[in-house]
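Note that the structure is predicted; figures quoted are calculated from it, not measured. Counting convention: from 1, in listed order, for ligands and their atoms alike.
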Amino acid sequence: MNESQSRAGRIIVALDTDSKQEALQIVKQLPQVEIFKVGLKLFTLEGPLLLKDIHNLGKKIFLDLKMHDIPNTVAQSVRAAIRYGVSMLTLHTSGGKEMMARAVEEGKEEAAREKCPPPLFLAVTLLTSLKKKELRDIGMNPSIPDQVLRLSHLAQTAGMDGVVCSPQEIELIKNKYGKNLKIVVPGIRPQWAANHDQKRIMTPSQAFQKKADFLVIGRPIIQASSPSNAFQLIVEESYNSPNSSDCGDSPKDHPHHNHNH
Ligand code: C5P
């Protein structure tokens, strides 16, 4: 596997669509993509059979439901997800160490039973939508870096494989837990794409430079007039020097961006 394939293989496409039909159409348009993320909205709309359909197309599934419940319920749900072919999934660190540890233990057991590799267990530390005041309101330490590190530590001791974090937190976590935790990063925008509602963004090359393990990218790919071209451009851009100014066109000039979205 050359370097280019390895970066392409680490870009996860978020299937934030309104229907299964639309989602499967995007999967079929992107034969070069290995991993697709299914989130709470699409899962609630279409149910777990969608996972089977994606799996049957030969793709890996990242099920991003940010599970948070009593340990037994989460462990059983993780088992079910694995039976549907999920290979990456998210749990909320605020569910506590026992919840995460049980999920990891039972998930590995279920994967062995299904004769498939164990999934990557990813921890959500703080939702990026929570600001200092909201953290105080729920009785949490309002220092976001401290809280992110504390919860990353908890995830690591519970046996989790990685964390989902904002681009700004990559270095913080990598410096402290880089050897033990994989880092999955949304909030990524190629230079030519619109920011949408993402505020603190980073380009693919910046995020890889900071040693993110996986990037999650949705709208710049799934809303492009050609998702396949958009993905290819992102892979190419991911090799540009993070500070170079010639990595892409401006959004309005870019031929591959669909302006209807
Ligand atoms: O379309 P876009 O590239 O912004 O999609 C990013 C994906 O990552 C979405 O599925 C979104 O829910 C998810 N996400 C995020 N920010 C977080 C956590 C998850 O954008 N802090």
Qualifying ring-ring contact (aromatic ring centres under 6.0 Å, His included) pairs with a residue from residues 91-140, counting only residues at least two apart or across chains: His68-His92
Where at least one partner belongs to residues 47-67, residue pairs that pass ring-ring contact (aromatic ring centres under 6.0 Å, His included), sequence neighbours excluded: none
Partner residues of Glu114 under the salt bridge (Lys or Arg N to Asp or Glu O under 4.0 Å) criterion, sequence neighbours left out: none
Lys60 NZ: over 12 foreign heavy atoms closer than 6.0 Å: no
Nearest-0.5 Å distance that lies between atom CG in Asn195 and atom CZ in Arg219: 9.5 Å
Check: Gln147 and Thr125 side chains under 4.5 Å, non-hydrogen atoms: no
Sorted by chain and number, the residues that approach ligand 1 to under 4.0 Å with a heavy atom: Ala14, Asp16, Lys37, Thr128, Pro186, Arg189, Gln198, Val216, Ile217, Gly218, Arg219, Pro220
